[in-house]
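Encoded as structure tokens, the structure appears first; notes follow it.
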Amino acid sequence: MPSSSVTEISKCIVYPEKRSTVADLRLSVSDLPMLSCHYIQKGVLLTRPPSSLPFDDLLSTLRRSLSSTLSLFPALAGRFSTSPSGHIYITCNDAGVEFVAASAKHVTVSDVLPPGTDVPLLVREFFVFERLVSYNGHHKPLSAVQVTELADGVFVGCTVNHSVTDGTSFWHFFNTFADLTSGACKIKHLPDFSRNTVFDSPVALPVPPGGPRVTFDADQPLRERVFHFSREAILKLKQRTNSKVNGIETVVNTEELLGKVSNDGMKTNGNGKITNKKNHDRTAEISSFQSLSAQLWRSVTRARNLDPSKTTTFRMAVNCRHRLEPKMDPYYFGNAIQSIPTMASAGDVLTKDLRWSAGQLHRNVVAHDDATVRSGIADWESNPRLFPLGNPDGASITMGSSPRFPMYDNDFGWGKPLAVRSGGANKFDGKISAFPGREGNGSVDLEVVLAPETMAGIENDSEFMQYVSEVSYDC
């Protein structure tokens with residue numbers, strides 16, 4: 001890997017092309033806990049644009065389309081403000097976002113995507129606001145874009161304040177930015193900035209002196225890899241966890257995998273079911289993603305060499321928009337997520353079969369309904385607090401992002417991305433991010449961050465690695 005770093009060429013502020021008419025937006029029960037988290041950093045690796053679009057012209061095009069996009073997403077061009085009562089708002093004041101042009105012409109696409117090894121640390125240089133805590137949105141832009149020219153490609157990295165967006169809203173913004181860059185005349189879905197939801201609360205969050213800080217050691221030695229799971233591998237895992245549910249023999253329909261799967265077990269565009277001769281109870285169906293998560297839980301627990309009595313936790317972030325009654329607008333802009341912890345002893349995770357672990361995850365996801373969401377909100381209101389990211393006991397896994405997010409829809413005009421990568425934000429031992437595989441059809445990429453000795457353990461875990469395959473990137 002080339003040792004020299006990315007060079008910044010220019011930096012400017014991009015403003016919305018139209019003035020905002022959106023009133024101040026009070027941070028919600030789901031937004032406020034994220035004030036101690038780093039800004040989200042996600043980006044796409046693209047092939048080199050056609051020769052008819054030199055890099056300088058591309059930058060001009062991106063700045064114009066970003067300006068247009070900000071007119072539709074004015075919250076991202078604003079800043080935080082705190083009222084005398086302690087409530088924090090997004091002031092949509094058109095203060096603009098940071099736009100950075102950078103060069104790494106010594107770096108190739110193959111350098112960024114080395115097969116069968118760790119994600120190069122250089123990828124973190126494709127983003128701005130490294131380790132910036134979201135509370136700093138009071139005086140820093142709430143979002144930023146860095147465009148880095150490579151020897152044979154381009155990386156577009158987007159950084160957004162985590163108290164402003166969750167993954168759903170982040171990718172809605174990113175998709176819109178790409179669509180407008182590619183010449184789309186009409187945007188399919190506009191963001192919903194309404195704040196008349198159950199997440200809106202009069203309760204203020206007490207801010208610690210000096211402002212919130214991350215709740216994990218950001219300097220801990222870590223390794224990071226992206227493991228690819230093909231549609232066929234996911235099918236095998238799903239068959240393994242659903243071969244017997246509640247004592248009833250079941251059959252997995254392979255057509256189900258043609259639909260999308262997510263970390264909340266939701267599927268779209270797939271008619272397949274787990275069926276049996278009797279009436280099938282759909283709450284008994286363990287999803288593809290829950291099956292994959294159970295295998296990861298099992299293999300990481302084994303690699304950590306925990307005492308059998310040690311309690312392990314697998315924590316999933318889930319979208320609550322569709323869980324509430326009535327349902328929220330699917331394009332609600334902001335955070336609408338909650339965390340579902342599933343706990344079990346290391347001994348149970350390792351000695352019971354994969355169906356058992358998958359079943360524990362599945363039951364908790366299914367149970368997270370309207371009443372559970374509202375109960376979680378009430379619990380936070382009774383004790384307002386920041387979200388405790390991290391792995392303090394050495395036995396936790398935190399799953400974020402989702403293979404349902406339309407990451408590969410970010411076509412800026414010359415083809416879909418080669419890969420999705422993230423920066424160094426919010427990474428600690430046990431942090432996992434799920435991405436869709438580039439080929440779609442139910443494939444999944446897991447970005448896995450672990451202590452070095454734990455990563456070495458799962459790399460030598462044949463039960464885990466039998467489902468992993470290499471990806472061929474067609475440049």
Side-chain angles (χ1 to χ4, degrees), residues 40-55 57-59 61-62 64-66 68-69 104 107-115 119 123 126-127 145-160 167-189 226-231 234 257-262 268-270 401-423 433-447 469-475:
I40 300 171
Q41 295 177 317
K42 297 285 192 300
V44 293
L45 178 63
L46 304 157
T47 58
R48 176 183 286 279
S51 58
S52 59
L53 186 61
F55 189 61
D57 291 349
L58 171 62
L59 293 175
T61 299
L62 289 170
R64 286 194 301 270
S65 60
L66 178 58
S68 299
T69 307
V107 176
T108 65
V109 165
S110 59
D111 289 329
V112 179
L113 304 174
V119 175
V123 171
F126 295 159
F127 300 88
V145 172
Q146 178 174 316
V147 184
T148 306
E149 182 181 21
L150 309 180
D152 54 353
V154 171
F155 193 95
V156 180
C158 189
T159 303
V160 173
T168 298
S169 294
F170 177 95
W171 290 106
H172 185 195
F173 165 72
F174 211 148
N175 290 163
T176 304
F177 177 32
D179 288 346
L180 289 176
T181 304
S182 65
C185 297
K186 186 177 180 180
I187 299 306
K188 301 170 191 174
H189 305 286
V226 175
F227 294 101
H228 176 71
F229 301 87
S230 67
R231 183 181 76 107
I234 298 289
L257 286 171
L258 297 177
K260 294 180 180 178
V261 294
S262 75
T268 60
N269 302 326
S401 198
S402 170
R404 194 180 186 186
F405 291 154
M407 303 180 188
Y408 286 94
D409 288 356
N410 288 297
D411 183 344
F412 284 82
W414 63 93
K416 74 177 185 177
L418 294 171
V420 176
R421 290 294 183 267
S422 65
S433 296
F435 306 152
R438 186 173 189 265
E439 70 269 32
N441 291 333
S443 61
V444 175
D445 287 344
L446 290 183
E447 178 192 81
S469 58
E470 293 297 332
V471 179
S472 176
Y473 295 100
D474 181 12
C475 301

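S65 is linked by a side-chain hydrogen bond (donor to acceptor under 3.5 Å, both in side chains) to T181, counting only residues two or more places apart in sequence or in another chain. Take S469 and apply the side chain to side chain contact (heavy atoms under 4.5 Å, CB included) test, not counting sequence neighbours, and it matches H228, S230. When the side-chain hydrogen bond (donor to acceptor under 3.5 Å, both in side chains) test is applied to T176, no partner is found at least two apart in sequence or on another chain. Scanning for ring-ring contact (aromatic ring centres under 6.0 Å, His included) contacts around Y408 gives an empty result, with sequence neighbours left out. With sequence neighbours excluded, the residues that form a ring-ring contact (aromatic ring centres under 6.0 Å, His included) with F155 are F126, F127. For the side chain to side chain contact (heavy atoms under 4.5 Å, CB included) test, residues two or more places apart in sequence or in another chain that qualify with P114 are T117, P120. Applying the side-chain hydrogen bond (donor to acceptor under 3.5 Å, both in side chains) criterion to N175, with sequence neighbours excluded, gives N410. S68 meets the side-chain hydrogen bond (donor to acceptor under 3.5 Å, both in side chains) test with E17; sequence neighbours excluded.
Here the side chains of S51 and L53 are not in contact, with every heavy-atom distance at 4.5 Å or above. Side-chain atoms of D152 and T47, non-hydrogen and from C-beta on, never get closer than 4.5 Å to each other. I234 places none of its side-chain heavy atoms less than 4.5 Å from the side chain of S443. Side-chain contact check for V156 versus V145: some heavy-atom pair is nearer than 4.5 Å. Counting heavy atoms from C-beta outward, F229 and D445 have side chains that stay 4.5 Å or more apart.
Of all heavy-atom pairs spanning D411 and S182, the tightest one is O-CB, 3.6 Å. Residues L46 and P417 come closest through the heavy atom pair CD2-CA, 3.7 Å. The minimum heavy-atom distance between V154 and P49, with the atom names listed, is CG2-CD, 3.7 Å. In terms of heavy-atom proximity, L418 sits nearest to R438 at O-CD, 3.1 Å. Taking every heavy atom of both residues into account, V44 and M407 meet most closely at CG1-O, 4.2 Å. When all heavy atoms are compared, the tightest approach of L150 to V107 is CB-O, 3.3 Å.
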Could you walk me through whether F227 and V444 pass the side-chain contact (heavy atoms from CB on, under 4.5 Å) test, one step at a time?
CA-CA 8 Å; F227 294 101; V444 175; over 6 Å; no

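Counting only residues at least two apart or on different chains, the salt bridge (Lys or Arg N to Asp or Glu O under 4.0 Å) pairs with a member in residues 44-54 are R48-E149.
Taking OG from S433 and CZ from F405, the interatomic distance works out to 10.0 Å, rounded to the nearest 0.5 Å. Distance check: S52 OG to W414 CH2 gives 10.5 Å after rounding to the nearest 0.5 Å. Distance check: C185 SG to D179 CG gives 11.0 Å after rounding to the nearest 0.5 Å. Interatomic distance, L180 CG to L66 CG, rounded to the nearest 0.5 Å: 10.0 Å.
When the options Q41, K42, E447 are evaluated for a side chain to side chain donor-acceptor pair (under 3.5 Å) with S422, the one that passes is E447.
Between F412 and F177, the ring center distance clears the sub-6.0 Å criterion.
Formation of a donor-acceptor pair under 3.5 Å by the H172 side chain with backbone atoms of H189 is found in this model. Judged by distance alone, the side chain of S401 and the main-chain N or O of A434 form a donor-acceptor pair under 3.5 Å.
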